[in-house]
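Report on the structure given below.
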Amino acid sequence: MENKLEYMEDILSRSISGFHAYSLSEPVHLQYVSRNFCEMTGYVQEELLSEREDLYKSLVHPADRDVYDTFIDNIKSKEQTLTCEYRLIKKNGGLRYVRDTVTSRKLENGSYVGCSVLTDITEAKKEEINLQFLKETIPCGFMRCTCEKQPKITYINRQMMDFLRLPKARDGELDYLELYKENIYLMVPMEERRRFARYLERVYAAAAPIAGEMELLRCDGTRAYMFGWVTKCANEQGEEEFQCVCLDITERHRVKRADEEKRYLKALTDIYDKIFEYDLGKNTVKCLYSNNSPMFKWLEDVPMQMEEATERWIAGTVDTEDGGRVRQFFRDFFQKNLCEPDDKPPQITYKSQSSSGKMKLYSGIFLKIDESVSLYCCRCVSDVKDTAALRDENAFLRENMQELATHVTDGAAAFAVTDESVTPLYASDNICEFFGFAKETWLSMVKKEMPIDDFIARSHTDYEDFRKLLRAGESEFTYIDLKSGNERRVKAVCSQKSPGGSAPRYVMLYHMDGAQPQEVKDVSVNPAVFIRMFGYFDVFVGEKPIAFRNKKAKELFALLADRRGGYVTSEEAISFLWEDEPVNPVTLSRYRKVALRLKNTLAEYGISDVMETVDGKRRIVAENVQCDLYNYLSGEEEYAQLFKGSYLNNYSWGENTLAELTGDIL
């Protein structure tokens, strides 16, 4: 028996880390300390054992003694096992981080004793402190979230919380951090959510991190711009998760955008007489440029209430015959009925009083900057203004024209023009189509002078229309679309000739509203129509794919094809085409425009009979088309291998049908 006790003592002293025993009766004190506990602290047993006081407490770091006292009070309240972490000061002054696990037991006399095991976690704690230092001091946000369809945040560092301006939870108030953790899409603006979901899908499928920029919605309603990396990996439990690290580039984005807008505005002032900034988010308007006109001093750089200021301008200057039409134009803009996502910039022509007091003809256009801000630009059609400032803009045009062109126009070009020659300077990718040049041809001509007659002849436009553009600064003309061979009508606005004619001319072009390509052939027999649903959605007439000019019109046709001949109501279509928007007069109007564009596209290709409309409901006429989905579902053996596992990759709503098809295979 004595040997067993000695053996147990040896186990306690040597094998169980930092073992010691408490008497939890007042005063709390140590009853037993093991040999390895003494080695851990540098003290001998006699220096730690006392029935009159808690000598062990004197080893606890002063900053951790309140934590230690609370721990002891809890452990002596009932039989239980608890763990606490704190720091111990060794006899030589060294510091050790320990994890103290105590099991309390009630004796027959009602008192409590506790058996404790100390684990030295100094090295692990140092690594954690160093990692925490990095996480909280370097300017990076870290986040981990699940790979579910609606990911949940499992970890977010302080820096990321600061980026999102998440407030600390207070009693009686919402815990915004917990809300964000449960729904990651709360940090993504509504219009960005579909793109964000597709980004995560790409990350999930990729074998490497994917980087990019993303606009996020802060908790206070403001927006932040992030650049970061997202990857998919396995966590400690082997479960798949997304891990993200990002940098806040909001200020850099703001400065860059302000600089771009400044340069963009400068270019616009070479074309337009007056420029107004309409901010639908703030419901304000201000005059950014008025060509020194005294009529708009009251509005220069001073935001005014949008509708009130616009009405004051219309009532004071616009001709009474045009007033109603102009009011409706701006009313539609305020209600967001004027410009749909894929529309061309809305334009209007009207008579208005000039600064000289004369009634003149003006042309106005709304150029969209972002979801909230648009610029209303107008110019006197008959005036010819001096653009000598363009002399110093040659380098600006060459370096920045593409950025300007992709902002709002169908195309932009710059060329130096004299009375007898033209020297191309720059053209956006799509501008070559307007002038009938191949891209390579245009690039070979850059900075090379050519006779103006040759230039006009190459463009396949009317000679007088082109001369009018250069002379008056504005013209409408026909060009040949190189891709289809069809004729198109466009409107061109050109900066005016500078004194001496040495400065480059700056041209912006827009498709005419409602203009449709002229059909190149009369289709008397309906051509073969083939619809591809497996993989990416496309429609072929003969062997040529339909070039849908409107993405939503193409998506609507895909939806009709997915219904396999069943009617789709306006409300149903809206719920698919604009998933995050309710059915209301605005979305109904938007849908009608999309449906009209689809109808026009089908008519353009001579296949109007593949769609049927009854009382606002639409369906595909299945018997007038060939479709890989329909063939596959026919059950015929020759079509059994058509489906390879992918369906309507263009559209997320195709997942329901994909699940049905996959179920059939299984």
Side-chain angles (χ1 to χ4, degrees), residues 1-129 131-132 168-172 175 178 236-237:
M1 183 70 177
E2 187 174 342
N3 290 338
K4 288 184 178 180
L5 290 176
E6 291 178 358
Y7 183 61
M8 293 175 62
E9 173 71 19
D10 190 60
I11 291 175
L12 292 176
S13 296
R14 296 182 180 275
S15 304
I16 300 181
S17 173
F19 179 79
H20 56 283
Y22 291 99
S23 170
L24 297 176
S25 301
E26 293 296 337
V28 174
H29 59 277
L30 293 181
Q31 288 183 323
Y32 173 82
V33 290
S34 64
R35 190 180 310 163
N36 56 19
F37 176 84
C38 294
E39 293 173 355
M40 181 184 294
T41 61
Y43 291 92
V44 296
Q45 290 184 353
E46 292 76 14
E47 295 175 294
L48 297 172
L49 300 178
S50 172
E51 296 182 356
R52 297 188 303 275
E53 58 179 321
D54 187 1
L55 296 177
Y56 178 80
K57 182 177 178 179
S58 63
L59 276 63
V60 178
H61 192 285
D64 295 340
R65 285 176 185 169
D66 288 343
V67 174
Y68 172 78
D69 287 340
T70 302
F71 176 62
I72 294 298
D73 289 341
N74 290 335
I75 202 67
K76 69 182 181 181
S77 62
K78 60 181 180 179
E79 290 187 338
Q80 58 185 322
T81 299
L82 295 177
T83 298
C84 182
E85 293 182 3
Y86 50 84
R87 289 166 290 180
L88 288 179
I89 302 175
K90 297 171 62 176
K91 187 173 183 178
N92 63 5
L95 196 65
R96 311 298 294 178
Y97 286 87
V98 296
R99 180 179 291 116
D100 190 356
T101 301
V102 179
T103 299
S104 60
R105 179 169 58 89
K106 189 175 183 179
L107 303 179
E108 293 181 358
N109 61 8
S111 62
Y112 283 88
V113 294
C115 296
S116 171
V117 175
L118 282 184
T119 303
D120 189 340
I121 59 172
T122 303
E123 294 304 316
K125 202 69 177 178
K126 286 181 179 179
E127 290 183 7
E128 180 182 332
I129 291 172
L131 181 60
Q132 187 71 17
K168 292 182 179 180
R170 297 179 180 177
D171 292 340
D175 189 340
E178 290 304 314
E236 294 83 355
Q237 289 75 40

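Remember, it's a predicted structure, so these values are computed and weren't measured experimentally. Numbering starts at 1 and runs along the sequence shown.
Among all heavy-atom pairs drawn from H29 and S50, the shortest one is CB-O, 3.0 Å. The minimum heavy-atom distance linking E85 with V67 is given by the pair O-CG1, 4.4 Å.
Side chain of T41 to backbone of K91: no donor-acceptor contact under 3.5 angstrom is found. One N or O on the side chain of Q80 and one on the backbone of N74 form a donor-acceptor pair closer than 3.5 Å. Of the possible polar contacts, one joining the S104 side chain to the I75 backbone as a donor-acceptor pair under 3.5 Å is found. Side-chain atoms of R65 come within 3.5 Å of backbone atoms of S58 as a donor-acceptor pair (strictly under, hydrogens ignored). Looking only at distances, a side-chain donor or acceptor of Q45 sits under 3.5 Å from a matching main-chain atom of V33.
No salt bridge links R105 with E79; every basic N to acidic carboxylate O contact stays at or beyond 4.0 Å.
Using a 30° and 60° split on the angle between ring planes, F37 and H20 fall in the tilted class, from 30° to 60°.
With sequence neighbours excluded, no residue forms a salt bridge (Lys or Arg N to Asp or Glu O under 4.0 Å) with K90. Remark: S111 pairs with S25, L107, N109 by the side-chain contact (heavy atoms from CB on, under 4.5 Å) rule, at least two apart or across chains. Annotation: side-chain contact (heavy atoms from CB on, under 4.5 Å) contacts of C115 (sequence neighbours excluded): F19. Listed by chain and number, the residues in a side-chain contact (heavy atoms from CB on, under 4.5 Å) with I89 are H61, P62, L95 (sequence neighbours excluded). The side chain to side chain donor-acceptor pair (under 3.5 Å) test applied to T83 returns T101, not counting sequence neighbours.
Atoms CZ and OG1, from R99 and T122 in turn, are 11.0 Å apart once rounded to the nearest 0.5 Å. With values rounded to the nearest 0.5 angstrom, K57 atom NZ is found 7.0 Å from D54 atom CG. Here the straight-line distance linking atom OH of Y43 with atom CG of N92 works out to 9.0 Å at 0.5 Å rounding.
For the pairing with S116, the side-chain contact (heavy atoms from CB on, under 4.5 Å) check across L30, T103, V102 returns one residue only, V102. No option in D64, V98, D120, D100 other than V98 meets the side-chain contact (heavy atoms from CB on, under 4.5 Å) test with L88.
Residues I72 and Y22 are in side-chain contact: their nearest non-hydrogen atoms beyond the backbone lie under 4.5 Å apart.
For E51, the CD atom counts as loosely surrounded, since its 6.0 Å shell holds 12 or fewer non-hydrogen atoms of other residues, nucleotides or ligands.
Sequence neighbours left out, the pairs with a member in residues 69-88 that pass ring pair (Phe, Tyr, Trp, His ring centres under 6.0 Å) are Y68-Y86.
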